[in-house]
Amino acid sequence: MSSKNSFNFEFLKRFLHLLRIFIPFSCHSKYAIDHKERFYSHSLVVICLILANEIGLQFVIYLVGQLSGAFTSALSISRDQRNYSAFTWLVIRSFGLVVLNAILMAFSIFLSSILYLKWRTRLVTYIHSYYFTKQRYYHLLNSRTNSVDNPDQRITQDVDSLCRTLSTNLPVLLISPFTIGYYTYSTWQVTNFYGPLAIFLYFILWTAVNKILISAVSRIIFRQNAYEGNFRFLHTQIRTYNEPIAFYNGDSFEHHQFDSYFLGTLLPIVSRRIQREFFLNLSTHLYDYIGSIIAYLLLALAIFNFNLFDDLPVNERAGAISRTYFAAGYLIYRLNILNGLADEFSLIAANTHRVQSFIEYLKAISSSWKKNQSESFVEENQILIIKNLSYSTPNNDANIIMKNLNLILNRGQRLLITGDSGIGKTSLFRILHSLWPINIQGSFIFDSSRAYLLPQRPYFTNRSLFDELSYPQIPQSLTIVDQQQIEQYLAEWNLSHVLNCIDSNIHTCPKCPWQDLLSPGELQRLSFIRLIYRLTLDQYPKLNLIFLDEISSSVDENIERKMYKYLIDRNLTLISIGHRETLQQYHQLELHLNENGNYTFYHKN
C-alpha cells in the first residue's frame with residue numbers, strides 16, 4: 001500500500017482544503033454553502049465559544065487541583081490551630097468548583113456537538129453540489145478510470161466519522177497551547193529549565209515513534225473502510241435481488257461468496273489493524289504511565305538538588321509538594337492527552353484522505369465530450385437531427401457501435417430501433433443524452449428540455465406516490481385537482497390497488513420500497529403514468545420527443561397498445577427500443593443495428 005494515504009504532507013494539504021469548507025472566511029467564498037448564514041451561527045463563532053469555555057474550564061481545573069494541597073494542609077494542622085469554619089468553607093468551595101467543572105465540561109461537549117452538526121452539514125452539501133451536477137454520480141460509477149470506491153460510504157460514513165472525530169477533539173487542540181504554556185512556566189519556576197526540557201524531549205521522542213505507528217494504522221483504516229463498503233454493497237445486492245436469488249436457489253453460492261469475502265479479504269485486514277493498533281496503544285499507555293514517574297523525578301530533582309521546601313514548616317511542606325506535583329504532573333498530563341490522540345489522528349488521517357480524494361475526483365470529472373450539438377434546427381418542424389454520428393464503447397475504442405449515422409425526425413414521426421441484444425441500442429440513448437464520457441464524431445441536436453426518457457427498469461424508491469410521479473421535477477404543492485387527477489390515472493391503468501399500500505394518501509411514503517410492493521409490469525405502468533402526469537404540467541416546457549427503452553417488456557399487448565395509442569394521439573415524436581414484433585405497427589421508421597457499427601434504415605408504409 002502506498003504511503004499516499006498516511007499521516008504525511010499530503011494529509012496536511014488535503015486537510016487544509018477541507019478546513020476551508022468547514023470555516024469559509026467570506027460569505028462570497030466558493031466554499032460557502034449558505035450565503036444567508038447569520039454571523040452568530042458561523043463555525044468560527046462556535047469555535048471561539050469553545051475556546052472561551054475551555055479557558056474557563058482550565059481555570060476551574062486549576063482551582064480544583066489546588067484543593068488537594070489545601071485539604072492536606074488543613075488536615076495536617078495541630079489540634080490547637082484547627083479552624084473549623086475555614087474547613088467548612090473549603091468544603092463548600094470544593095463542591096461549588098466541582099459542580100462548575102461538570103457544567104463547563106458538559107457545555108464543552110454540547111458546543112462540540114453543534115460544531116459537528118455544522119461541519120457535517122457544510123461538507124455533505126458541498127459534496128452534493130458536485131455529486132449531483134453534470135451527472136457526476138453516473139460518470140463516477142461508470143468510468144473506466146474510476147479510482148474511488150463506495151461513494152455512498154464516503155458521503156455518509158466517512159464524512160460523519162471525520163466531522164465527529166474533529167469536533168470532539170477540537171477543544172483539546174484549542175486549549176493545549178495555553179495550558180501547556182502556563183504549566184511549562186510553572187514547572188520552570190520550580191525546577192529551572194531542566195524540568196520543561198526533560199518533559200518536552202520525552203514528548204518529542206515519543207511523538208516521533210507514534211507518528212510512524214499512526215501512519216501504519218491510517219493506511220490500514222483506509223483500506224478497511226474500502227473493504228467494509230464493498231461488504232455492505234454485497235449485502236444490499238441480496239436485498240435488491242432477493243427474489244431472483246431465491247428462484248435460482250442460490251443460497252449455497254451466496255453463502256460461499258459472502259464467507260469467502262469476509263474470511264479471505266475483510267477479516268485479514270481487520271486482523272492487521274488490530275495488530276498495528278496494539279503497538280500504537282502500547283506506545284500510548286507507556287507514555288502515560290512513564291510520564292507520571294517523570295513528574296516525581298522532577299520533583300525529587302527540585303528537592304534533592306535545589307533544597308526546595310526545606311524552609312517550610314512540616315505541616316505546610318506536604319501541601320506545597322502536592323501543588324508543585326500538580327503543576328509538573330498536569331503539564332505531562334496535557335502532553336499525554338495530545339499523545340493519546342494518536343488513535344484519533346490515525347482515524348482523522350484516513351477519513352481526510354478518503355473524503356478529500358473523493359472531492360478531488362469529482363472536480364476532475366470533465367464533461368468536454370458534451371460539446372457536440374449544433375446551434376439551431378434547419379426547420380422549425382424538425383425535432384431531432386443526427387449528422388455523421390460515429391462512436392465506440394467507453395472501455396474499448398476498437399469496439400465501434402455506430403458508423404456515420406444520419407437521421408432527421410420531424411414532429412409526430414416514430415422511430416423503432418431494433419437489433420440483437422447487446423448490439424448497442426440503448427447505447428444510442430446514452431450518446432444522445434451525453435452520458436458516456438467519450439469524444440464522438442459527428443453531431444446531434446434536439447431540445448433536451450422538451451425531451452423525456454422512459455427506461456426499461458423504472459426508477460422508484462420509497463418516496464410518496466406524489467413525489468414519485470413528479471420525479472424528476474421537484475414537486476410543488478398538491479391541489480385537490482392534482483390528487484383527483486392522479487387517482488383517475490391509477491384507475492385508468494388498473495392501478496387503483498396501489499392506493500392500498502399508502503392508506504389512500506398519495507403523500508404517505510410506503511413502508512417498503514415500491515419495487516418490493518409492485519410487480520415489474522405494475523412498475524412499468526406506474527412509470528408511464530409518471531410520463532402522463534408530466535405531459536399535463538403547464539409550468540414546464542411542453543414535451544415533443546419521447547425516448548422509450550423497452551417500456552412494454554413486462555406488460556401484455558393490450559397495455560402496450562394502450563400506451564402507444566396515448567402517445568400517438570398527442571402527435572409526439574417517439575424513439576422506441578424493443579424486440580416485440582407488435583411494436584412495428586406503431587412506428588413509421590425502423591433503424592436496425594448490425595455488427596461493427598453498421599445499420600439498416602427502413603421506411604414503413
Which residues pass the salt bridge (Lys or Arg N to Asp or Glu O under 4.0 Å) test with Arg273, sequence neighbours left out?
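Expected list: Glu277.
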Axial cation check for Phe22 ring with Arg122, 6.0 Å and 45° limits:
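No, Arg122 does not sit over the ring of Phe22.
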Arg164 to Tyr116, cation-pi by 6.0 Å centre distance and 45° axis angle
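Cation-pi check for Arg164 and Tyr116: passes.
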Counting distance only, does the side-chain N/O of [X] pair as donor-acceptor with the main-chain N or O of [Y] below 3.5 Å?
{"X": "Ser161", "Y": "Asp158", "value": "no"}
{"X": "Asp447", "Y": "Ser449", "value": "yes"}
{"X": "Ser283", "Y": "Phe279", "value": "no"}
{"X": "Thr168", "Y": "Thr165", "value": "no"}
{"X": "Tyr126", "Y": "Ile359", "value": "no"}
{"X": "Ser434", "Y": "Arg430", "value": "no"}
{"X": "Arg14", "Y": "Thr352", "value": "no"}

Kindly state whether the ring of Tyr459 and the ring of Tyr471 have centres lying under 6.0 angstrom apart.
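That pair passes the under 6.0 Å test.
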Counting neighbours of [atom1] on [X] that are heavy atoms of other residues, nucleotides or ligands and sit closer than 6.0 Å, is the number greater than 12?
{"X": "His256", "atom1": "NE2", "result": "no"}
{"X": "Phe59", "atom1": "CZ", "result": "no"}
{"X": "Phe107", "atom1": "CZ", "result": "no"}
{"X": "His235", "atom1": "NE2", "result": "yes"}

Pairs of donor and acceptor atoms involving the side chains of residues 421-428, under 3.5 Å and at least two apart or interchain, shall be tabulated with distances.
residue : atom : partner : partner atom : Å
Lys425  : NZ   : Gly419  : O            : 3.2
Lys425  : NZ   : Asp420  : O            : 3.0
Thr426  : OG1  : Asp549  : OD2          : 3.3

What verdict does the salt bridge (charged side-chain N to carboxylate O under 4.0 Å, His left out) test give for Glu228 and Arg232, after you've listed the backbone C-alpha separation in whole Å, the side-chain angles of each residue and the deciding distance to 0.1 Å?
CA-CA 6 Å; Glu228 294 281 4; Arg232 187 185 66 252; over 6 Å; no
